[in-house]
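Reviewing the structure listed below.
Sequence lines set the chain letters: A, B, ... in the order given, protein chains first and strands last, and positions in each chain run from 1. All figures in this text were calculated on a predicted structure; none of them were measured in a lab.
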4 protein chains.
Amino acid sequence: MRGDSTAERIKSVAVQLFAQKGFEATAIREIADAAQVSTSSLYHYIDTKEELLTEIMTAAMLKLIKCSLAVVDPTDSPPGRLVALVRCHVGMQIIDRLAALVTDNEIRALHGDDRAKVLKLRDEYEERWTSTLTEGKEDGVFDVAVPKVARLALLEMCNGVARWYKDDGPMAVAEICDHFATLALSMVNAQRDGRPLRIADVTREPSVALYERLVHIAKGGVIE
Amino acid sequence: MRGDSTAERIKSVAVQLFAQKGFEATAIREIADAAQVSTSSLYHYIDTKEELLTEIMTAAMLKLIKCSLAVVDPTDSPPGRLVALVRCHVGMQIIDRLAALVTDNEIRALHGDDRAKVLKLRDEYEERWTSTLTEGKEDGVFDVAVPKVARLALLEMCNGVARWYKDDGPMAVAEICDHFATLALSMVNAQRDGRPLRIADVTREPSVALYERLVHIAKGGVIE
Amino acid sequence: MRGDSTAERIKSVAVQLFAQKGFEATAIREIADAAQVSTSSLYHYIDTKEELLTEIMTAAMLKLIKCSLAVVDPTDSPPGRLVALVRCHVGMQIIDRLAALVTDNEIRALHGDDRAKVLKLRDEYEERWTSTLTEGKEDGVFDVAVPKVARLALLEMCNGVARWYKDDGPMAVAEICDHFATLALSMVNAQRDGRPLRIADVTREPSVALYERLVHIAKGGVIE
Amino acid sequence: MRGDSTAERIKSVAVQLFAQKGFEATAIREIADAAQVSTSSLYHYIDTKEELLTEIMTAAMLKLIKCSLAVVDPTDSPPGRLVALVRCHVGMQIIDRLAALVTDNEIRALHGDDRAKVLKLRDEYEERWTSTLTEGKEDGVFDVAVPKVARLALLEMCNGVARWYKDDGPMAVAEICDHFATLALSMVNAQRDGRPLRIADVTREPSVALYERLVHIAKGGVIE
DNA sequence: TATGAATGAGAGTTCATTCAT
DNA sequence: GATGAATGAACTCTCATTCAT
């Protein structure tokens, strides 16, 4: 549990630089400089530049999956799960914004097994969105033509958050999460008994509380 | 009088490579090889690698703007304009897929005036989305909490198309355009007289016809 | 006699650029641009860049020799010839300043026969200085330890003029020529009957008149 | 504690090549080859080619200034100072011949601050010549029309030494220094009580001794 | 654990020159 | 006489990585 501060610092500045300038445009020397180590020292902590990227992406994906597992109840109804998925995803896009950006933008820099590993994680995660949408359509609670198209639209829309979010923006994170959850419910025409479903219809947990749970889990907190 | 094929070829292969590997990861020598010219010959047609990217992005943005101006009637109602915007945007993401991908992913490779020029075009274009959403909310035809958030969500969702679209996919382009237009109308809860609006309620032009117009305009055709 | 204006223009801008930036630092394209022709057209007028330099240097040396032959009377006494040599040399350094600069600075850019040709001309010319000094020493009219050292000192001192001369300087060209002639006479302790020689003791031609003759000859005038 | 031989070697071969072929005509690869390092290793020791030139020039100028400060007594009479300046300058042109050549020929390859820095040093140094000549004229010990013209003539004449000096020449260095000192005294008509001044009239230090002091100081020796 | 020195490969770009038209 | 297109070779400089210390 004792923080290996140098290793952490390296990963941290790497995420920042990869997010800001892109993987290819970031020189290993820049990372070393920013982390205040020499380039040769850097290589005590990483194997290769690409492996560093892989670690960053894998960690981000695992964190996202961990959070979504903690927050999305698989026994819940499709609308309940959708709201949880969206709030969790959008929340994580903000909490772990730079890593999310990197994960979304730099997969093509990865090759072979590294790439496959990350893509596998992503596919597993996205499958939970697909099944939620499909089940909801079968249940008649979602009115959506093609669940897969809806999933693509929803995920891109949520991933986009990391692209435009600014820390000094006017909107609270929890607020943004709820806006997106609402947009998602609308998008899939979620309704019960002919009446459109709202967030309050599917969950009692306030977005702020959920957001705090995410922060805690993301920080390495144990899932209770 | 016959087209300057070399210059076109260079731009074309550059778009492909930039889209596939990213700007930074693409070597000027790869572009030259793919275009079947020597690197030094390449420099007869371009000034710098960055300027080549700028031209690609500017051209893509201008094409998109040209198409949307041709296809979106500013006197139309907000729902009509939204459907047109979405169908046009999604259509162009597919017609000009690689350039769209590049434009969306590689702005950070641009610096100074080049970057500013492209961002200015993008902002002007996106402003037309914002005003459509705002006006629709004011008219009561859209039920959306914060138009700007909706715009961000909509645009990211539509931009995403270029990321996952495959030429050999099961769905026709016009079909995809309509799916997205439908999702968009749902997302903003477009309704009139308490009843949700469908595409057919706001336009009579079939998506296929519109798509063909886009292809024609994008190919340099004149706007009638 | 009809001026081949393009060829002249090329040589003229080449001299300017070579003088300003040096031969190696001047691109053939810069010459073409400045001469307002395309690079390929340029090659109708020159063989190679090096040959262009050779021509410039040869022309400058020939002009200098022509002038000095016209102005230095071989039957004159050593002091008279020295004054004439210095006035002529310094005058030409100013009249043909850029070419003189190039000739002095860029010989190492020349190779093989080109280099030899220019060096031969220079050696022939300098030999006339040596013989003047040697003869003057033998006659007892110059008091100088080693004529060859004096020649080196004198020539470098005179060549230097092209390095510092500015068109808008405070001193007239003829004035500068006379200052240098006086310095030269002093340097070699020119004297007759125990009394130092002045310019007026060895020539009646005013420097201004001589300068005008130089300008005329340098412009291609015939030697009468 | 033993000298950083690689860095020294690089500077040393760079001076040789720059002197021989000129800055622009010297490829960074040639320097690397001659210094027996790879081009990329070279860049551990230098920032850019231009900065390497700047360092060479600055070091040469500083060395010259250091020597002249050690050797020229500011309380001495103008003729004494002139002799010291000339002997020192000519001596250094030979001791540090290649660097002197480079410093004199390649300033135009420098830009911006680099150029300004070197020119400032040169101007400061040359000012000491001007003041010596001016003071000598005021004292009546030099008979020279315009001190500034004399300074230009003297400096160019002395700088020239590096251009023609050959190690295997017939003349000892100290001898050359004295020849030039004598020429300088004559050039400015240095006299006292109507009789021309000779070196022996102004200094008792033999040129050989002074030359040895210069070598010692130039090698980094301390000024006592 | 830390790093200065080292490097082969390759980056983007420019060079002087040629040639078909 | 003029030029747009073309190019092989070379340019300065940076890359990710290694290794002896």
Which residue lies more 5' along DNA chain F, comparing D/D47 with A/K49 via nearest heavy atoms
D/D47
Residue matched to F/dA9 through Watson-Crick or wobble contacts both under 3.5 angstrom:
E/dT14
With both distances under 3.5 angstrom, what nucleotide forms a Watson-Crick or G-U wobble pair with E/dT21?
F/dA2
If you assign C/I46 and B/S40 each to the DNA chain E nucleotide with the nearest heavy atom, which residue ends up on the more 5' nucleotide?
B/S40
Could you say whether D/V37 or B/T48 is positioned toward the 5' end of DNA chain E, judged by the nucleotide with the nearest heavy atom to each?
D/V37
Heavy-atom check, side chain of C/L119 versus side chain of C/R115, under 4.5 Å
yes
Just wondering, are more than 12 heavy atoms of other shown residues or ligands nearer than 6.0 Å to CG in A/D123?
yes
In whole angstrom, give the distance that lies between atom [atom1] of [X] and atom [atom2] of [N].
X     : N      : atom1 : atom2 : answer
D/L42 : E/dA9  : CG    : C1'   : 17 Å
B/L17 : E/dA11 : CG    : P     : 13 Å
D/D33 : E/dG8  : CG    : C1'   : 14 Å
B/E51 : E/dT14 : CD    : P     : 12 Å
C/L53 : E/dT17 : CG    : P     : 12 Å
B/I28 : F/dC15 : CD1   : P     : 17 Å
C/E24 : E/dT14 : CD    : P     : 18 Å
A/I31 : F/dT14 : CD1   : P     : 17 Å

Would you mind telling me which of [options] lies closest to the side-chain atoms of [X]?
X     : options               : answer
D/T39 : E/dG12, E/dA9, E/dA16 : E/dA9
C/Y45 : F/dG1, F/dT17, E/dT3  : F/dG1
D/T6  : F/dC13, E/dA6, F/dA5  : E/dA6
D/H44 : F/dC15, E/dT7, F/dA6  : E/dT7
B/Y43 : E/dT3, F/dT17, E/dT13 : E/dT13

Is it true that C/E106 and D/R108 make a salt bridge, defined as a side-chain N closer than 4.0 Å to a carboxylate O?
yes
Taking only the side-chain nitrogens and oxygens of D/S41, find out if one of them lies under 4.0 Å from OP1 or OP2 of E/dT7.
yes
Identified side-chain contact (heavy atoms from CB on, under 4.5 Å) partner of B/T54 from the options B/D113, B/L110, B/T48, B/D47:
B/L110
Base E/dG10 paired with B/R29 side chain (donor-acceptor, <3.5 Å)
no
Any donor-acceptor pair under 3.5 Å linking the side chain of A/S41 with the backbone of A/V37?
no
